[in-house]
Amino acid sequence: MTSPAAIPIPPVLRLAAATAVGAVFWLVFLPWIGRQPAVDRHVQLMESHDVNPAAMVYTELEHLPLRPAWIERYLVLWPTGN
Amino acid sequence: MAVDPGVGVSRRGFHEDIAAIVIGVALVAMALAIGWNARPADDAGNRKTFPKGWPTPLAATIDKPQTWSDAPQKALVIVDKKDPTKVKPVTIPILLGMAWVVGILAAGTRLRGQSPAAVLPGAVVLALLGGLAYLMAAQKVINYYNLEYPLWALLVGLVIGNTVGVPKWLEPALQGEFLIKAGLVVFGAEVLFSRLLELGLPGLLTSWVVTPIVLVGTYLLGVNWMKIPSKSLCMVISADMSVCGVSAAIATGAACRAKKEELSLAIGLSLLFTVVMMVVMPPFIRWAGIDPIVGGAWLGGTIDATGAVVAAGEMLGRELDDKRPAEVAATVKMIQNSMIGIIAFAVAVYWAGWVDRGATGPKTSLAAEAWRRFPKFILGFLGTSIVCSWLYTTSPELSLLVDGAIGGFTSRLRGWLFCVGFVCMGLQTNFRELAPTLASGRPLVLYCVGQALNLALSLAMASLTFGWLFKQGVTP
């Protein structure tokens with residue numbers, strides 16, 4: 001048995017196919033996933049706390065994690081000369 | 001990221017590293033100067049009045065697509081959280097963000113002695129593709145599960161490169177290495193050494209003791225025990241896993257001249273495991289009955305990406321109605337963020353002095369050979385970091401100037417430079433080169449073993465410092 005010769009797909013058609021798959025994924029599948037209760041709860045929690053999970057470094061966070069107040073009050077670990 | 005060693009002024013223009021330093025330093029200096037010029041007249045040193053630093057006029061010249069769930073056009077407006085009827089369009093700042101990248105590409109090309117006109121058409125297309133990648137990353141499910149923009153920028157480039165290929169007219173603009181180097185010099189402004197002490201001794205112990213041990217241990221494991229042929233792949237995987245994910249991978253990848261394919265693979269691994277750890281670790285900590293503060297420090301020391309650390313800390317604190325896990329997690333991760341410059345410098349020195357020299361270099365003096373091979377743009381990265389760290393500690397006013405310049409301009413610009421840089425890398429990536437290594441599964445095993453070591457050591461150190469040595473200090 002011989003396998004049939006592969007029919008070359010034109011490059012533009014391949015790009016169009018990839019774009020179509022991407023469009024369905026982003027415009028149909030992801031919005032549907034986003035409506036699932038568990039995912040929706042996670043998104044709501046992040047939004048309500050102004051958390052940006054996609055932050056690459058701390059400067060992209062909504063709130064800079066400055067030295068928390070409770071540490072100022074209770075944690076005397078770094079000698080200040082007092 | 002492989003580039004020819006050597007630096008200086010060539011017959012026609014500057015070396016790529018020098019061009020990246022000149023442009024990066026100029027942009028940071030411009031941001032600081034404009035921020036200073038627009039300083040507030042009243043209450044300029046009060047952080048409560050300006051929690052994110054002084055507002056900078058440059059913020060109006062750059063932004064990125066906002067999060068959206070089902071209608072991508074919503075990415076072009078900022079909706080007021082208190083009053084959803086108030087919307088602010090950001091189309092112009094997004095287009096201007098693309099224009100910054102085009103301008104930087106043209107200026108870099110000119111500094112290197114070539115004609116900027118040749119890169120302009122390609123630069124415009126690359127900037128638009130960067131915008132598409134940002135738009136894909138801004139979808140809420142993607143955004144809130146930490147699948148960061150470099151992944152989509154690489155994907156956009158890979159799809160185009162592997163379907164229609166790269167047209168000839170686009171090739172002169174494919175300067176991904178230059179964009180990432182310039183982005184790293186700008187990024188230096190965000191790496192503030194002064195933040196290393198934010199959490200005092202326990203935070204330092206959790207970050208500074210565990211991170212180098214895991215970094216070096218994982219690298220040696222990959223090179224000596226698992227016999228992974230590429231040392232740079234081992235280094236990039238070790239750095240993104242032990243330090244802080246994608247940003248550490250970019251910095252160390254550039255420092256050790258990792259291949260584009262290696263950096264892409266390391267980033268993919270990091271993002272995949274970050275999503276899993278962000279979701280799994282908070283319930284595990286609650287289930288195991290680990291102290292919330294210790295758990296927060298453990299999250300900060302182990303989850304790769306900064307945003308995912310804060311998200312996991314929030315999830316951990318949600319049921320406990322306690323903000324401390326998120327605060328400790330974020331601060332431990334911030335300390336690790338601040339280590340990127342030092343680690344990238346150490347990796348660059350090690351690579352120039354030992355790895356590259358041992359592999360191919362002539363047996364000249366170590367210092368001379370190391371300097372010849374040293375990636376000079378790292379000096380620009382360290383330079384902007386040192387200057388901004390110094391300014392940050394000088395006075396309350398200058399700390400607000402630095403925060404405003406970073407938040408309003410340099411971090412956004414760095415994001416665009418990285419994003420378009422990754423589109424270029426995707427267009428040029430050939431995963432066939434990595435096929436034998438990928439098929440062996442060894443990079444995945446290396447990541448898993450290294451992460452297991454990281455999890456064990458971080459938990460031990462967090463328990464020792466936050467849970468025992470300084471427990472009295474962290475218990476209100």
Side-chain angles (χ1 to χ4, degrees), chain A residues 9-23 25-36 38-80, chain B residues 47 51-52 69-70 72 136-137 139-149 159-160 162-165 187 190-191 195 197-202 244-247 278 305-308 310-311 314-315 318 323-324 326-328 330-331 333-334 337 403 406-407 411 415 418 470 473-476:
Chain A
I9 303 169
V12 176
L13 212 60
R14 281 190 285 172
L15 179 61
T19 307
V21 170
F25 188 78
W26 258 266
L27 299 175
V28 179
F29 180 70
L30 285 175
W32 177 78
I33 287 280
R35 286 191 292 272
Q36 303 312 301
V39 177
D40 187 48
R41 269 198 305 276
H42 173 75
V43 171
Q44 297 287 341
L45 175 74
M46 296 296 116
E47 284 188 329
S48 62
H49 285 75
D50 276 343
V51 176
N52 174 18
M56 192 186 279
V57 285
Y58 72 91
T59 48
E60 292 172 10
L61 296 171
E62 291 294 321
H63 303 294
L64 286 179
L66 296 167
R67 191 170 180 148
W70 61 271
I71 292 183
E72 296 287 0
R73 284 197 305 275
Y74 296 106
L75 203 60
V76 186
L77 300 172
W78 205 257
T80 57
Chain B
R47 186 164 284 281
K52 292 187 175 181
S69 54
D70 48 8
M136 291 161 77
Q139 205 283 339
K140 280 190 179 177
V141 176
I142 300 281
N143 183 76
Y144 286 109
Y145 280 94
N146 185 246
L147 292 164
E148 296 169 24
Y149 64 83
V159 167
I160 294 172
N162 288 279
T163 52
V164 291
F187 178 47
E190 299 171 60
V191 181
R195 289 198 178 275
L197 305 182
E198 289 283 341
L199 203 52
L201 199 52
C244 52
V246 175
S247 51
M278 179 180 86
T306 304
V310 182
E314 286 289 345
M315 286 191 259
R318 176 183 53 178
K323 284 186 175 178
R324 292 177 304 162
E327 287 173 339
V328 171
T331 317
K333 184 50 73 181
M334 190 171 69
N337 284 172
D403 273 343
I406 291 171
S411 74
F418 283 175
F470 305 103
V474 296
T475 306

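Below, chain A is the first sequence line, B the second, and so on; all start at residue 1.
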Visitor: Which heavy atom in Thr59(A) sits nearest to a heavy atom in Ser411(B), and how many Å separate them?
Guide: OG1-CB, 4.1 Å
Visitor: Ignoring hydrogens, what is the shortest heavy-atom contact between Met315(B) and Leu45(A)? Give both atom names and the distance.
Guide: CG-CD2, 3.9 Å
Visitor: Can you say whether Leu147(B) sits under 4.5 Å from chain A via the side chain, the backbone, both, or neither, judging by heavy atoms?
Guide: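 Nothing of Leu147(B), per the 4.5 Å heavy-atom cut-off to chain A.
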Visitor: Look at the side chain of Tyr144(B) and the backbone N and O of Gln44(A), then say whether any donor-acceptor pair between them is shorter than 3.5 Å.
Guide: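 Not confirmed, Tyr144(B) side chain does not pair with Gln44(A) backbone.
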Visitor: Which one wins on heavy-atom pair count under 4.5 Å against chain B: Leu30(A), Asn52(A), Asp40(A)?
Guide: Leu30(A)
Visitor: Counting heavy-atom pairs under 4.5 Å with chain A, which one of Val164(B), Asp70(B), Ile160(B) comes out on top?
Guide: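 Ranked by contacts with chain A, first place is Val164(B).
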Visitor: CD of Gln139(B) to CD1 of Ile33(A): how many Å apart, nearest 0.5 Å?
Guide: 10.0 Å
Visitor: Output the option from Pro31(A), Pro53(A), Ala55(A) having the highest count of non-hydrogen pairs under 4.5 Å with chain B.
Guide: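 Option with the greatest count: Pro53(A).
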Visitor: Of all the heavy-atom pairs spanning Asn337(B) and Val191(B), show the shortest one and how long it is.
Guide: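 Smallest heavy-atom distance, with atoms named: O-CG1, 3.8 Å.
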Visitor: Using a 4.5 angstrom heavy-atom cutoff, name the option from Glu47(A), His49(A), His42(A) with the most pairs to chain B.
Guide: His42(A)
Visitor: Of all the heavy-atom pairs spanning Gly34(A) and Val39(A), show the shortest one and how long it is.
Guide: CA-CG1, 4.0 Å
Visitor: Rounded at 0.5 Å granularity, tell me how far OG in Ser247(B) sits from CE in Met56(A).
Guide: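 So the gap between those two atoms works out to 6.5 Å.
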Visitor: Picking from Glu148(B), Met136(B), Met278(B), Lys140(B), which has the most non-hydrogen pairs under 4.5 angstrom with chain A?
Guide: Met136(B)
Visitor: Give, as side chain, backbone, both or neither, the part of Ser69(B) having an atom under 4.5 angstrom from any heavy atom of chain A.
Guide: backbone
Visitor: Relative to chain B, which segment of Leu15(A) carries a heavy atom at a distance below 4.5 Å: side chain, backbone, both, or neither?
Guide: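 Both parts, heavy atoms under 4.5 Å.
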Visitor: Considering only heavy atoms and a distance below 4.5 Å, find which of Ala311(B), Gly165(B), Ala326(B) pairs most often with chain A.
Guide: Ala311(B)
